[in-house]
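Everything below concerns the one structure shown next.
The chains referred to below are lettered A, B, ... by the order of the sequence lines, with proteins before strands, and numbering in each begins at 1. Just so it is clear, the structure is predicted and the values come from calculations on it, not from any experiment.
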Number of protein chains: 2
Amino acid sequence: MTFTAAIESAAVIDAAAGRCAGCSTRESCLGGLKAAGVCGFSDSSGRSVERGQHLFRAGEAIHCVFVLRSGAIKTYVTAASGDEQILGFYSPGDVIGYDSISAGKHSRNAVALVPAEVCRIPLESLVQSCAQSADLLNRLLAGMGQEIQRLQGMLKMERLTAEQRIALFLLNQARRQGRTEGSAGGYVLQLAMTRGEIGRFLDLATETVSRTLTRLKEAGLIQIDRSGIRLLNPTALHRIVQSQPVNSVERIAA
Amino acid sequence: MTFTAAIESAAVIDAAAGRCAGCSTRESCLGGLKAAGVCGFSDSSGRSVERGQHLFRAGEAIHCVFVLRSGAIKTYVTAASGDEQILGFYSPGDVIGYDSISAGKHSRNAVALVPAEVCRIPLESLVQSCAQSADLLNRLLAGMGQEIQRLQGMLKMERLTAEQRIALFLLNQARRQGRTEGSAGGYVLQLAMTRGEIGRFLDLATETVSRTLTRLKEAGLIQIDRSGIRLLNPTALHRIVQSQPVNSVERIAA
DNA sequence: CGAAATTTTGAAATTGATCAACGCCGGTGG
DNA sequence: CCACCGGCGTTGATCAATTTCAAAATTTCG
């Protein structure tokens with residue numbers, strides 16, 4: 001109950017129609033964009049989540065689907081052995097909770113990596129609205145289909161070598177972060193998660209993550225500055241992902 | 001085009017209303033069961049697929065979702081390196097194609113492991129029917145949610161040891177095959193796939209699958225007879241799955 | 001029956017995990 | 001202001017699980 005109380009105490013952002021106005025993700029919002037510039041949900045509400053605070057936990061009853069407006073959130077499950085497995089890192093615009101629609105309760109935990117804001121969309125009204133709006137239904141089905149394909153992609157990732165997984169992870173993060181271009185060319189990405197979290201996402205030991213990043217750095221493919229990573233040679237990273245396991249940095253670096 | 005032709009030439013089962021009558025999966029069919037004992041889809045049609053024949057291939061346009069009525073089907077993708085990754089084995093009653101709804105085209109291949117029969121549900125009418133039947137919409141969303149959770153389960157599976165993965169696989173197969181009880185107690189399951197296919201599903205080398213099955217057999221937990229496997233001690237298999245990696249057959253076998 | 005595919009078994013090689021130690025950085029409190 | 005502390009990251013050495021390579025045994029199917 002302690003965590004439930006913590007969740008309830010989270011700040012609730014004004015639910016007025018003006019809420020959508022400043023939303024950076026409204027163009028691609030699940031609710032669609034109505035004429036007035038607000039989303040199609042009349043009863044959605046916002047919420048801010050502090051770093052380290054849970055958005056929901058496995059086992060809790062489900063009432064909403066969440067759209068991440070800002071910040072970063074991870075979802076994870078805890079194995080019987082006690083160690084956590086990260087199922088996804090979410091960036092602004094992502095929808096969290098598709099898996100739990102019609103499931104009754106959450107199957108995993110969600111926690112903010114940095115201060116975040118989400119939009120809560122009540123499940124009941126979401127489903128009911130689908131009966132009226134074919135457009136919404138299509139967006140919902142598409143969103144769920146994409147979630148399935150994202151998981152299939154993770155499954156593929158798990159068959160790659162450590163180096164390939166890290167390279168693919170960096171490329172994916174860069175793509176999701178909207179390709180913030182750095183001054184000296186190449187993409188710069190800001191990692192909201194620790195090495196350990198990357199490892200628990202990719203199924204690699206922290207040490208392996210660190211070693212592999214170092215190797216990529218020494219090969220001149222990336223530049224590391226605390227939690228900021230600059231992709232100096234995305235093409236080479238791509239080649240690493242595509243290459244046969246026998247190849248590696250030494251063979252790929254142009 | 002060759003494969004498209006092959007698909008079109010597949011036998012089309014009579015689309016009369018009587019089709020549902022003999023369907024072993026109609027109780028749990030996506031379409032629901034109407035008063036007349038037939039499913040809610042007026043325009044679905046059946047199709048039989050021979051062993052080794054493809055139901056669909058990655059890249060093809062999507063027209064239908066399939067409900068497997070009998071037989072066994074696997075879905076897979078082919079990596080750049082050429083080797084296949086199996087994404088799922090389907091048993092009668094399973095729905096195939098959720099991932100592709102609203103995606104436009106298939107993201108993976110589906111092929112019959114043994115002669116199979118499927119029911120084709122046109123995508124367009126499925127989505128349109130959801131607007132009229134809240135019941136159908138709920139079943140569809142639940143099905144897609146379950147598919148997401150199935151993939152999350154696969155993700156968890158990939159973090160287990162070879163022995164745990166095999167044990168879990170056997171238990172899952174037994175559950176899905178409806179717990180056909182054997183004469184001498186314990187569950188008997190008929191594997192429609194080869195050792196190599198099990199390996200490409202669990203991400204294990206064929207040799208590892210074979211070795212692990214042998215070890216389970218020698219520990220007295222299972223009995224192997226060609227492609228038939230009898231689970232002599234499901235409880236012990238469960239314990240293997242739950243146990244810490246340090247434990248293994250020797251420690252678990254009661 | 002015989003050829004091809006699958007399965008099994010053995011031995012060696014390899015990848016990534018684990019164990020261990022150290023450095024770095026930020027915060028905290030004297 | 002500085003010393004201490006804890007978390008995080010890096011690096012090195014060793015270890016274990018699984019893959020790979022190789023070959024024989026078995027099964028399947030034409």
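The A:Leu204 side chain lies nearest to C:dG16 when the options are C:dT9, C:dG16, D:dT18. When distances run from any side-chain atom of B:Thr194 to the nucleotides D:dC8, C:dT7, C:dA17, the shortest one goes to C:dT7.
Whole-Å rounding puts the A:Ile166 CD1 to C:dT15 C1' distance at 14 Å. Nucleotide C:dA17 holds its P atom 14 Å from the CD1 atom of A:Ile198, rounded to whole Å. The distance from atom CZ of A:Arg159 to atom P of D:dT18 is 15 Å, rounded to the nearest whole Å. What separates CD of A:Glu163 from P of C:dG16 is a distance of 9 Å, to the nearest Å. Look at CD on B:Glu197: it is 11 Å from C1' on C:dT6, rounded to the nearest Å. The interatomic distance linking B:Leu202 (CG) with D:dA17 (P) rounds to 19 Å, in whole Å. Put simply, CZ on B:Arg200 is 9 Å from P on C:dT6, counting in whole angstrom units. Rounded to whole Å, the distance from CD on A:Glu158 to C1' on C:dT15 is 16 Å.
Taking OG1 of A:Thr206 as the start and CD1 of A:Ile198 as the end, the distance is 9.5 Å to the nearest 0.5 Å.
Between B:Arg51 and B:Asp203, the one whose closest nucleotide on DNA chain D sits nearer the 5' end is B:Asp203.
Other residues, nucleotides and ligands contribute more than 12 heavy atoms inside 6.0 Å of the CD atom of A:Gln190.
Counting non-hydrogen atoms under 4.0 angstrom, A:Ala205 reaches a base of the nucleic acid.
Looking only at atom types and distance, the side chain of B:Arg108 has a donor-acceptor partner in the side chain of B:Thr75 under 3.5 Å away.
Taking 4.0 angstrom as the limit, A:Ser210 places none of its side-chain polar atoms (N or O) nearer than this to OP1 or OP2 of D:dT11. Taking side-chain N and O atoms only, A:Thr206 has no distance below 4.0 Å to OP1 or OP2 of D:dG9. Checking the phosphate oxygens (OP1, OP2) of D:dT19, a side-chain nitrogen or oxygen of B:Thr208 falls inside 4.0 Å.
Salt bridge annotation for A:Glu147-A:Arg150: present, with a cationic side-chain nitrogen under 4.0 angstrom from a carboxylate oxygen.
Counting only distance, with no hydrogens or angles, the side chain of B:Arg165 and the backbone of B:Leu160 share a donor-acceptor pair below 3.5 Å. With hydrogens and angles disregarded, a donor-acceptor distance shorter than 3.5 Å links the side chain of A:Ser243 to the backbone of A:Ile240. Side-chain atoms of A:Glu197 come within 3.5 Å of backbone atoms of A:Thr194 as a donor-acceptor pair (strictly under, hydrogens ignored).
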Distances for protein N/O vs nucleotides 19-22 of chain C N/O pairs under 3.5 angstrom?
from, atom 1, to, atom 2, distance (Å)
C:dC19, N4, A:Glu207, OE2, 3.1

